[in-house]
Amino acid sequence: MISKFDRFQKRRLISSYFSVVLSIFLMLFLLGVLGLFVINSKNLTNDFKETVPLTVYFKDEAQDSTHTAFREELRNAPWVKDYNFVSKEQAGQALQKDIGENFMEFLGMNPLLNSYDIHLRANYVENDSIMKIQSHLRENPMLADAYYDKQLVTMVNDNVEKVSMWVLIISGIMALIAVLLINSSMRLSIHSNRFIIKTMQMVGATKSFIRRPFIWKSIRLGIIGAVLAVIALIGLLYYLDTNYPALGVLRDELMTGAVLVGVLVAGVIITWISTFIATQRFLNLRTDDLY
């Protein structure tokens, strides 16, 4: 029959394993969330940058053939994400609605021009790139002007740099905290076996032989915690994609998959390194220092 002490030791061991797996799960889940935030923040930033329009105005004497050739140029241009043609009539109706008065009746004419709102790809939404595109477009003699909000582009890029810097700093801090907490959990788990480690060492077992079962056990615990973290991350992604599809959290499937694989790899590597260091520490202690 199993004694009370054996049952107590078994419950203690299970509790120790549970706390280690829980710590690994929570830390890796937080790291995974941070990783997903990093890759999706870049997508969201690019989406925002691609809403800044470059507006091109055509002269009234521009013929249909001119517009057809211009549309063809836009379709083939690598810097164009999409474009929208706004006729002078549409522009007049929109302005009339905004100001609440029929200005065309007052002026006796529509002074507005046919235009294109061009949305550039995120890589080109920088003042230097847009100015080059602007200069290229102005070579068309039928263009009246090409305009973009230079101040808005400058502000967007400056803020993106600041946000990216802080995201990297926070990511580094969170990664360090995760490693330290998982390392602490593994050390506590090994600490309860310090006398077994020293006894094995005293009877002649080599350090690698003593470390091996502890490392394999910690790797298994790390895999369990990592798999739970991946399942939780997949559930979170599914929830966000179902309820907030505009976020496009599954748009970059390759990077999302890389984050999930990274969580699994991190669970193995961190627990392996932590266990190696912890067992090495107790192997190097004198017997008197174990108490």
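Hydrogens, waters and symmetry mates play no part in the numbers below; they use all other heavy atoms, side chains included. Only a predicted model underlies this, so the values are computations on that prediction, with no experimental measurement involved.
A distance of 12.5 Å separates CG of N123 from NZ of K81, quoted to the nearest 0.5 Å. We find the CG-CD1 distance between L28 and I270 to be 6.0 Å, quoted to the nearest 0.5 Å. Within the model, atoms CD1 of I173 and CG of L34 stand 10.5 Å from one another, a figure rounded to the nearest 0.5 Å. One distance of note links CZ of R220 with CD1 of I215; it measures 12.0 Å at 0.5 Å rounding. E139 contributes atom CD, which lies 12.0 Å from atom CD of Q134 (distance to the nearest 0.5 angstrom). Atom OG1 of residue T51 and atom CG of residue D117 lie 11.5 Å apart, to the nearest 0.5 angstrom.
The closest side-chain heavy-atom distance from I118 to L120 is below 4.5 Å. Contact check for Y148 versus N127: side-chain heavy atoms found under the 4.5 Å cut-off. Side-chain contact between I130 and V153 is present, with heavy atoms from C-beta onward closer than 4.5 Å. Two residues are said to be in side-chain contact when any heavy atoms from C-beta on lie closer than 4.5 Å; E73 and H136 meet this criterion. Residues L260 and I234 have side chains in contact (heavy-atom distance under 4.5 Å, counting atoms from C-beta outward).
Considering L74, N76, T68 in turn, N76 is the only one that fulfils the side-chain contact (heavy atoms from CB on, under 4.5 Å) rule with E72.
Classification of the F58-H67 ring pair by plane angle, with boundaries at 30° and 60°, yields tilted.
For the residue pair T275/S218, the side-chain donor-acceptor check at 3.5 Å is satisfied. For the residue pair R71/Y83, the side-chain donor-acceptor check at 3.5 Å is not satisfied.
A continuous path of Ile, Leu, Val, Met, Phe, Trp and Tyr side chains, each step under 4.5 Å between heavy atoms, connects I24 with I269, placing both in one hydrophobic cluster. Placement of V33 and Y238 in two distinct hydrophobic clusters is found when ILVMFWY residues are connected by side-chain heavy-atom separations under 4.5 Å, directly or transitively. Linking Ile, Leu, Val, Met, Phe, Trp and Tyr whenever their side-chain heavy atoms come within less than 4.5 Å puts L31 and I169 in one cluster. Under the 4.5 Å side-chain heavy-atom criterion for grouping Ile, Leu, Val, Met, Phe, Trp and Tyr, L113 is not connected to V86 through any hydrophobic cluster.
In this structure, Q90 contributes its side chain and S87 its backbone to a donor-acceptor pair below 3.5 Å. Proximity of a side-chain donor or acceptor of R138 to a complementary backbone N or O of A146 within less than 3.5 Å is detected. Side-chain atoms of N114 come within 3.5 Å of backbone atoms of K88 as a donor-acceptor pair (strictly under, hydrogens ignored). S129 places no side-chain N or O within 3.5 Å of a backbone atom of V125 that could act as its donor or acceptor partner. Without hydrogens or angle criteria, T271 side chain to V268 main chain gives a donor-acceptor distance under 3.5 Å. Side-chain atoms of D241 never come within 3.5 Å of backbone atoms of L237 as a donor-acceptor pair (strictly under, hydrogens ignored). With K59 contributing its side chain and P141 its backbone, the two residues share a donor-acceptor pair below 3.5 Å.
Less than 6.0 angstrom separates the ring centroid of F70 from the ring centroid of Y116.
In the displayed structure, M142 atom CE is contacted under 6.0 Å by more than 12 heavy atoms of other residues, nucleotides or ligands. Atom CZ of F85 is surrounded by more than 12 heavy atoms from other residues, nucleotides or ligands within 6.0 Å. Taking a 6.0 Å sphere around CD of Q151, one finds it holds 12 or fewer heavy atoms contributed by other residues, nucleotides or ligands.
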message: Test side chain to side chain contact (heavy atoms under 4.5 Å, CB included) on L30 and L26; report intermediate values, then the result.
response: CA-CA 6 Å; L30 290 176; L26 290 175; 5.5 Å; no

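The salt bridge (charged side-chain N to carboxylate O under 4.0 Å, His left out) search around R121 returns none, not counting sequence neighbours.
When all heavy atoms of G267 and A226 are compared, the pair lying nearest together is CA-CB, 4.3 Å. Considering all non-hydrogen atoms of both residues, A122 and N46 come closest at CB-OD1, 3.4 Å. Of all heavy-atom pairs between I39 and L36, the closest is CG1-O, 3.2 Å. Of all heavy-atom pairs between A229 and F25, the closest is N-CD1, 3.4 Å.
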